[in-house]
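So the structure is just underneath, and the comments pick up after that.
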Amino acid sequence: MTPASELTGWLFDLYADPQDGVTLWLLGDDGRRHRLRQAFPITFYAAGPPARLRELCRFLKSQPVPVELAREERRRDLFQPSRQPLLAVRVLLASDQPRLFRQVARRFPDLTYYDADVHLSLRHAAVYGTFPLARCRVQAGPDGTVTALEVLDSPWDLDPPRPELRILEMEPDVDPARGEPAALELRSGRLRYRLPLRPARPLLVNLRAILQRLDPDLLLTNRGDTWLLPLLLDLSEEHDLPLPLNRAPGRGVARRGERSYFSYGRIVYRGSQVMLFGRWHIDRANAMMWNDYALEGVLESARVTSLPVQEAARLSPGTGISSMQIRQALVQGVLVPWRKQQSEQPKTALQLIESDQGGMVYQPLIGVYSSVGALDFISMYPSIMVRCNISPETVPLRHVEPSDADPGLVPRTLAPLLEKRVALKHRLAGMPGWDPRRATDKARSSAQKWLLVTCFGYLGYKNARFGQIEAHEAVTAYGREALMRAKEAAEDHGFTVLHMYVDGLWLHRPGASQPADFEPVLMDILERTGLPVSLDGIYKWVAFLPSRVDERTPVPNRYFGAFQDGSIKVRGLACRRHDSPAWVGSLQMRLIEIFAKAGSAEELPDYLNEALNSLHRDLTALSEGRVPLEELLVTQRLSRALDRYTSPSPAARAALQLRQVTGREMRPGQKVRFLFTRGEPGVHAWDLPEPPDPRQIDRERYRELALRAAREVLEGLRVLPPEPTLLPLEKYTRR
DNA sequence: TCCTCACGGGG
DNA sequence: GTGTACGTGAGGA
C-alpha cells in the first residue's frame with residue numbers, strides 16, 4: 001500500500017471491476033505499474049409511458065444492485081430539440097450495469113433506452129478526457145483510490161510522449177493450421193526462449209516464471225487468439241497450475257467466440273479472441289490489418305477512438321468511427337440511442353433505386369496517353385461531411401453546399417481527425433526518406449485513413465446510431481457535383497478530361513509535364529468546390545483498358561501507368577486481385593516495370609522485346625517445374641457454408657477436401673489456400689497434411705493465367721494487337 | 001447464353 | 001456486435 005500520493009504516467013488499461021468500481025492501470029514515470037481504483041457510477045435512461053416507468057422503478061428497487069433513480073428532462077435525441085422527461089438510472093458499480101440493463105430490456109421491451117450500451121472507456125473519455133496511453137496526473141489515496149485525475153495531453157497531439165513498453169512475443173514453431181507445433185518460441189528484447197509444448201507441466205511452470213519475471217505490458221502472439229491462449233488456458237486448468245496471463249490477479253481472461261458476419265458486401269470471418277486485464281494481448285494473425293499499420297497504428301486508433309488498445313487492435317469497420325461519435329455525443333450531452341438487435345430487413349425497391357446513386361463514375365477514353373496529371377480530392381467524402389456540415393440532425397436537403405453553420409455531431413467528430421491527418425501528411429511530405437519517424441507517421445496516417453473511409457459508409461448504414469440515408473446521399477451527391485465542377489475548371493484551363501472516378505481526375509494537355517502546369521487548375525478546383533485537391537503525380541504514360549467482353553467499351557477501373565518519379569499505379573489488373581497466384585501477380589508486375597522505363601507512350605514499343613523475354617523466362621520456369629509451389633498458391637474466401645454452394649467454387653472444393661481428409665470445418669468468410677491440380681477435384685488444399693505431387697500441378701492452367709495477365713499489359717499498352725492474334729506469344733506457349 | 005462465384009479500397 | 005451497392009471477369013452447364 002502506497003501512502004496518499006501524486007502519480008504521473010500513462011493510462012494503460014481501464015475496465016469495470018466488481019471490487020474497484022473501475023480499475024485503472026498507470027505506467028508510472030517511476031517505471032512501476034500502478035493499479036488504481038476509481039468510483040465511476042454509470043447512468044442510463046429510459047423513456048415511455050409514466051405507468052411503465054413507475055413499474056420499472058419498482059423493479060429496479062427490488063434488485064440487489066445499488067442504483068439511484070431520478071427524473072430528468074433532456075433532449076431525447078439529435079432530431080428533437082425539445083426536452084422530455086426521462087427516468088435516469090444511476091448504477092453505482094460500473095460492473096453491474098451491463099447485466100442489469102439486459103434484464104431491464106428483457107422485462108420492459110416496450111420502453112426506449114439511451115446511453116444503455118456504451119463502452120465504459122467511452123464514458124470515461126467523455127467525463128475525464130482519457131484515452132489509452134494518455135499522460136495523466138493522478139491523486140490517489142493510500143489504498144489506491146483515485147481522488148483526482150487530470151489528463152495532460154490530447155489525442156490530437158502530433159507527437160505524444162510514449163512510454164517504454166515491455167513486450168513479450170510468443171509464437172508456435174509451426175503454423176498450427178498446417179501442422180503440429182512442438183514448441184513455443186518466446187522473444188523479449190535480446191532474450192530468446194524455446195519451450196517444448198509437451199510435457200505440459202514444465203511448459204506451464206516455465207511460462208509462469210517468465211511472465212512473473214518479465215511482467216510484460218504486451219503479449220504479442222501469432223495465433224494467440226484462436227490457438228495458443230485457449231490451449232494454454234486449457235492446459236492450465238487441466239493441470240491445476242494457474243498461469244498469470246493477466247497482470248490483475250484473481251480474474252479470468254475475457255473470451256469471445258468465433259463468428260462470421262456480413263460486412264462491406266461480403267462475408268467476413270472473425271476468429272475467437274482472448275483479451276487480458278492489466279496487460280494487453282494482441283494476436284498478429286487476428287488483428288485487423290496488422291500488416292498495414294502494426295502496433296503504431298493500433299495505438300493511434302486507440303488514442304483517437306478512446307477504445308482500449310486490445311479492442312482497437314481487433315477493430316472492425318464502423319466500430320471505431322461509431323465510438324468517436326458516441327464519445328462526441330456524450331460530451332455534447334446528446335443521448336445515445338440503444339442499438340437493438342435488428343433482424344435483417346430487405347431493402348424496399350425504392351431504397352434500392354435511391355441507393356443506386358453512388359460515386360461519380362465516368363467512362364475513360366480507351367488508350368495510352370502521356371502528359372497526364374492525376375488529381376485526387378483529399379479524403380473526399382469526409383471533407384464533404386465537414387465542409388458541408390452533413391450530419392443526420394442537420395437534415396440535409398437534396399442540395400448541399402459548403403457552409404459555416406454550427407457543426408453537427410458527425411462533422412464535429414470528424415473535423416479533428418481530418419485535421420490531424422492533413423497535418424501528418426503535410427509533415428510526411430517534407431520528411432527525408434531516412435527519417436525514422438517516417439514509418440510511424442505512415443502507420444498512423446493509414447490508421448486514420450481507415451477511420452475516415454468507414455465513417456462515410458457508416459452514415460448510410462441502417463443500424464448505425466447516428467446514420468441517415470439522406471445524409472449519406474447528400475455526400476455522394478455533392479461528390480458528383482464537385483467532380484463536375486472540377487471537370488469544368490479543367491476544361492477552362494485547356495485540359496482534356498480523360499477519366500473521372502469517384503474522387504479522382506485524369507487530365508491531359510499536350511506539353512503539361514511539370515507540377516507547375518497543374519497548379520492553377522488545382523487552385524481553381526479548390527475555389528469552385530471548397531474541397532482540397534492534390535496532384536497525385538504526372539504520368540509518363542497511362543493506359544485505360546477496354547472491357548474484356550467488348551473491346552469498344554471502356555471500363556472505369558481498369559488502368560495502369562508509370563509516374564515521372566518511377567512509381568507505378570495499377571487498378572483492376574490480375575496483380576491487384578487477392579485471388580491471383582503470387583507468381584502471376586509478380587510476373588505481370590515485372591512486365592509493367594519494364595515498360596515503366598519508357599519516358600512516354602511513343603517509347604513503349606522499344607521495350608516489347610525485353611518484356612517478351614521476361615515472360616519467356618517465367619513460362620520456362622513454370623514448365624521446368626522451377627516455380628516454388630507457394631508462388632502458385634491461390635487464396636480465396638468462402639462466401640457461404642459448404643452445403644450452400646450450388647456450383648462449388650475452387651475454394652469450396654478445397655475446403656470440402658480438407659474436411660474429408662482432416663475433419664477440419666471451414667466457416668464462411670475464412671480464406672482457403674489451394675493449388676490447381678489436374679483431374680478431379682481440380683484443387684489441392686494447401687493445409688492438407690500431404691503435400692501435392694508436383695506432377696499433379698495443372699501447369700496448363702497456370703500458363704493460361706500467366707498469358708492472360710501478360711495480355712492485359714501488352715494489349716493495354718497497344719504494343720501487341722488484341723486477341724485472337726496472339727502469334728507473338730504463341731512461341732512461348734509450348735509445354 | 002445464362003448462372004454462379006469472387007473481387008474491388010488504400011499503401 | 002455487423003458500412004452498401006454494383007460492375008467486371010471467369011468458369012461451367
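Letters go in sequence order (proteins before strands), and every chain restarts at 1.
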Name the nucleic acid region contacted by [X], choosing base, sugar-phosphate or nothing; use a 4.0 angstrom heavy-atom cut-off, strictly under.
{"X": "R644(A)", "answer": "nothing"}
{"X": "S547(A)", "answer": "sugar-phosphate"}
{"X": "R576(A)", "answer": "base"}

For the side chain of [X], counting heavy atoms from C-beta on, which of [options] is nearest?
{"X": "S649(A)", "options": "dG9(B), dA6(B), dG12(C)", "result": "dA6(B)"}
{"X": "R548(A)", "options": "dG12(C), dA6(B), dG9(C)", "result": "dG9(C)"}
{"X": "S647(A)", "options": "dG9(C), dA6(B), dC5(B)", "result": "dC5(B)"}
{"X": "S639(A)", "options": "dC7(B), dG9(C), dA6(B)", "result": "dA6(B)"}
{"X": "R421(A)", "options": "dC5(B), dG9(C), dG11(B)", "result": "dG11(B)"}
{"X": "R558(A)", "options": "dG9(C), dG10(B), dA6(B)", "result": "dG9(C)"}
{"X": "R577(A)", "options": "dG11(C), dC7(B), dG9(C)", "result": "dC7(B)"}
{"X": "P556(A)", "options": "dT8(C), dG11(C), dG9(C)", "result": "dT8(C)"}

Let me know the distance between [atom1] of [X] and [atom2] of [N], rounded to the nearest Å.
{"X": "E712(A)", "N": "dG9(C)", "atom1": "CD", "atom2": "P", "result": "9 Å"}
{"X": "D579(A)", "N": "dA6(B)", "atom1": "CG", "atom2": "P", "result": "9 Å"}
{"X": "F544(A)", "N": "dT8(C)", "atom1": "CZ", "atom2": "P", "result": "16 Å"}
{"X": "Y559(A)", "N": "dT8(C)", "atom1": "OH", "atom2": "C1'", "result": "16 Å"}
{"X": "L573(A)", "N": "dC7(B)", "atom1": "CG", "atom2": "C1'", "result": "14 Å"}
{"X": "R571(A)", "N": "dG9(C)", "atom1": "CZ", "atom2": "C1'", "result": "18 Å"}
{"X": "M380(A)", "N": "dG9(B)", "atom1": "CE", "atom2": "P", "result": "17 Å"}
{"X": "L707(A)", "N": "dA10(C)", "atom1": "CG", "atom2": "C1'", "result": "16 Å"}

Exercise for the section: Check whether the ring centres of F44(A) and Y114(A) lie less than 6.0 Å apart, and answer yes or no. Expected result: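 Not close enough - the centres of the two rings lie 6.0 Å or further apart.
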Problem - Validation row, ring centre F101(A) to ring centre Y113(A) under 6.0 Å - result: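 Aromatic pair counts; centres sit under 6.0 Å.
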Is any side-chain N or O of [X] closer than 4.0 Å to OP1 or OP2 of [N]?
{"X": "S445(A)", "N": "dG11(B)", "answer": "no"}
{"X": "R708(A)", "N": "dG11(C)", "answer": "yes"}
{"X": "N557(A)", "N": "dG9(B)", "answer": "yes"}
{"X": "Y645(A)", "N": "dA6(B)", "answer": "yes"}

Problem - Distance-only donor-acceptor check, side chains Q448(A) and R421(A), under 3.5 Å - result: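 Their side chains do not contain a donor-acceptor pair, so the 3.5 Å distance test is not met.
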Problem - Residue among R427(A), H426(A), K420(A) satisfying side chain to side chain contact (heavy atoms under 4.5 Å, CB included) with L424(A) - result: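 Considering R427(A), H426(A), K420(A), a side chain to side chain contact (heavy atoms under 4.5 Å, CB included) with L424(A) is found only for R427(A).
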Problem - Span that lies between the P atom of dG11(B) and that of dC6(C), in whole angstrom - result: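 The answer is 26 Å between these two P atoms.
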Problem - Heavy-atom side-chain proximity of P554(A) to L365(A) below 4.5 angstrom - result: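 With C-beta onward as the side chain, the pair stays apart.
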Handout entry: NZ or CZ of R653(A) within 45° of F674(A) ring axis and under 6.0 Å
Key =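 Output no; distance or angle outside limits.
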